[in-house]
Amino acid sequence: MHIVRVALNLPLDRFFDYLASEHLKISAADIGRRVVVSFGKGVKSGIIVALPEASDLPVGQLKAVDSILRDLPALPADWFRLTEFCASYYHAPLGEVMLSTLPAGLRRVDPPKARTIRRREPEIVAQVPPELTVEQENALGAIGNAGGGFCAYLLHGVTGSGKTEIYLRLVDRALNAGKQALLLVPEINLTPQLESRVAARFPAAGLVSLHSELSEAARTRNWRAAFEGRARVVLGTRLAVFTPLPDLGLIVVDEEHDSSFKQQDGMRYSARDVAVFRAHERGVPIILGSATPSLESWANATDHGTPNRYTLVSLRRRAVENARLPAVQRIDTRSEKLQDGLSGALLMAIEKRLARGEQSLVFLNRRGYAPVLACAACGWISRCQRCAANLVLHLADRRLRCHHCGFESGVPTLCPTCGNQDIHPFGRGTQRLEANLAERFPEARILRVDRDSAKSRKQWEALVEKIYAGEADILVGTQMLAKGHDFPRLTLVGVIGADAALFAADWRAPERLFAQLMQVAGRSGRAELAGEVLVQTQFPDHPLYAALVKHDYPAYAAELLRERQLAGFPPYAYQAMLRAEAPEMAQALGFLSAARACKQADDARIGVTLYDPVPMRLARKAGFERGQLLVESPSRRVLQAFLGEWRAAVAGIKAPSRLRWHLEVDPLEF
Ligand code: ADP
Ligand code: ZN
Ligand code: ZN
């Protein structure tokens, strides 16, 4: 009999010992293999983490291992180090981290039989790489070879500068050196183009993708192909960062600033940061690419008060010959009476595009018809019963919908409180904009692209197809349309309703808005046709818009970093957030106060500041009242040391039974 130490998917900071009988033939080579064990009244699958000589428990109390699964190679040591790092950095239970990073199919107690599936191999048309531009040559020259050890590069390239071509050349290098490449993208359903481009360039690389829209079987199959080294290129969203890759030689994180890299439940990790750790740990290069890098990465790559930890590589021009960055203009809307929210200048510009047979995009980052329905007689407004938020009017399917908890109801025809017939939508979302534009340009073909019209990847692809085929004249879209697309006939981008984010309570809002506007502006003028961007604003002198007009990311980033440094915000401070939710706000805040009292000494002594517990901005969500407590330190190391002990103390607080809490390191939202 051996003692086998097993990691289980449980919210506990410990492993579990079992006994393995001789006939299972468990040896050191099985560390990293899955086993089935009994736990409580049922069975669970776990991962063997060690074969210790002795257990803390008397051997007589240990249960036996039911079976061992040898269908896969054992998870390797570097995968253990990666999950251990995550558990320790994000203060999450190690067993949970380990098991939750496996595809669900491999977490089952009775793994589905590995069927040989005849895959429909998509027809791959091999693609000839274009000749590099001088800038691209230089950038590639600056980026070291796979095999040259760890180095982090920040590839800052304006929209359309050909970053993808750089990634592909680096992948090529890695493949030639016998290595695997891992490409991480923020949202895979927004980037089917990249998938086909990679497949076309490397038809023999067995490209697999890993994202949450895949069926469980497909995800398991692809994960396996990567783990067994058959897939030489892996393209995936944040969860793919944990895929064990025996020959990993390169990591690319495209659109590295994108908040989709942040996991918002369970272990709240940043796939970008985990990727950097992984590259470092494996001694391979990592490329973080963006037209608008996160300020954290920018500070790491430039001289902004932090040591230069990343190497900055820049692409300042568009790759396609004659393609210029679009001319950006501000339209001062203070002195003008808008027509359905649209200025004369923007309407005229759209008209011009219609006459020339070119496409326009009107960007409004708010979906639905109107943000709220209201009664002028009694002041009733459509509020969500479960959240501190309004119900958004969706006229396309006549529903009132909460964008936070998913609650929905029909649209009342009379005011529910006073019976008044005169209830009106207030404000404007994409559906209303679409209707307004249709009235104004009855001959135009208008296409709305947002989460409602593109719910699935299929619908999204169909919409994109239509745009490419020139079957739309005016696009109305949210930030969904802002990312990564090349529409050669799109020559006008109008931005409306952006001002709201200028003065939002969240201090990261300007960074996000700037990135969004740079990205959406970058959709126009991608080919030979020149692009124009018109931004409607009541604050034309705001530095954000001034930088946008000049396409000057570095200047605006420098300004924001100066502000952050003065205010002592990240990246000049390190933060963690303890959040609690309960039926009553008093319970949530009470728990957080008790947590605050758990620290071992006063703030100055421990070098960590604990702020007062406060209600979250969305104070109620899905029937739970929510509070948060910010923890901050100028030193990551000091913060980490504090969190380790503190979390254990917090876990010991006696809380009301319906209270839930979690700790998030490096929170992005406030
Ligand atoms: P980014 O990701 O930087 O916004 P892309 O990689 O999408 O830019 O490239 C923008 C456009 O430029 C694409 O249509 C791409 O095919 C084209 N392109 C990239 N590199 C070259 C090159 N060396 N020569 C010609 N066209 C290029
Ligand atoms: Zn009323
Ligand atoms: Zn709600």
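For the single chain, residues carry numbers from 1 onward in sequence order. Note that these values count all heavy atoms, side chains included, but never hydrogens, waters or copies made by symmetry. Every number for a ligand or one of its atoms is a count from 1 in the order of the listing.
- Of the N and O atoms on the side chains of T478 and R451, not one donor lies less than 3.5 Å from an acceptor on the other residue.
- Atoms of ligand 1 lying under 4.0 Å from any heavy atom of G162, numbered from 1 in the order shown and given with element: 1 (P), 3 (O), 5 (P), 6 (O), 8 (O), 9 (O), 19 (C).
- In this structure, R626 contributes its side chain and L618 its backbone to a donor-acceptor pair below 3.5 Å.
- Residue contacts with ligand 1 for V158 involve N, CA, C or O but no side-chain atom from C-beta outward (heavy atoms, distance under 4.0 Å).
- The Zn ion (ligand 3) has an N, O or S atom of C405 inside 2.8 Å of it.
- Set against the non-hydrogen atoms of V320, the atoms of ligand 1 under 4.0 Å away are 11 (C), 12 (O), 17 (C).
- Contacts with ligand 1 closer than 4.0 Å are made by no heavy atom of R318, backbone or side chain.
- Near T133, with a cut-off below 4.0 Å to any heavy atom, the atoms of ligand 1 are 23 (N).
- Here D486 has side-chain heavy atoms under 4.0 Å from ligand 1, and that is the only part of it that gets that close.
- With atom 16 (O) of ligand 1 as the reference point, the heavy atom nearest to it among R197, E165, K163 is part of R197.
- To the nearest 10 degrees, the Zn ion (ligand 2) sees SG of C418 and SG of C378 at an angle of 110°.
- Between the side chains of Q459 and S453, not a single donor N or O lies within less than 3.5 Å of an accepting N or O.
- Polar contact with ligand 1: absent for T159 (N/O pair, distance under 3.5 Å).
- Between S161 and E135, the side chains place no donor N or O within less than 3.5 Å of an acceptor N or O (distance only, hydrogens not considered).
- Residues T159 and R318 have side chains that bring a donor and an acceptor to within less than 3.5 angstrom of each other.
- Metal site remark for the Zn ion (ligand 3): C384 contributes an N, O or S atom at a distance under 2.8 Å.
- Of all atoms in ligand 1, numbered sequentially from 1 with element shown, those under 4.0 Å from a heavy atom of L132 are 23 (N).
- Put simply, no part of G157 is less than 4.0 Å from ligand 1, judged by heavy atoms.
- Side-chain atoms of N176 come within 3.5 Å of backbone N or O of D172 as a donor-acceptor pair.
- Centred on the Zn ion (ligand 2), the SG atom of C415 and the SG atom of C375 lie at an angle of 110°, reported to 10°.
- For the 3.5 Å distance criterion, the side chains of N138 and Q136 fail to qualify, holding no donor opposite an acceptor.
- For ligand 1, the polar-atom distance check against A319 finds no nitrogen or oxygen pair separated by under 3.5 Å.
- With a 4.5 Å cut-off on side-chain heavy atoms, Q385 and C402 do not count as touching.
- Between V284 and K179, the closest side-chain pair of non-hydrogen atoms is not below 4.5 Å.
- The side-chain heavy atoms of D486 and Y468, taken from C-beta on, include a pair separated by under 4.5 Å.
- With no hydrogens or angles considered, no side-chain donor-acceptor pair links R508 and S259 at under 3.5 Å.
- Every atom of ligand 1 with a heavy atom of E131 under 4.0 Å away is listed here by number and element: 22 (C), 23 (N), 24 (N).
- Considering backbone and side-chain atoms together, G160 places an N or O closer than 3.5 Å to an N or O of ligand 1.
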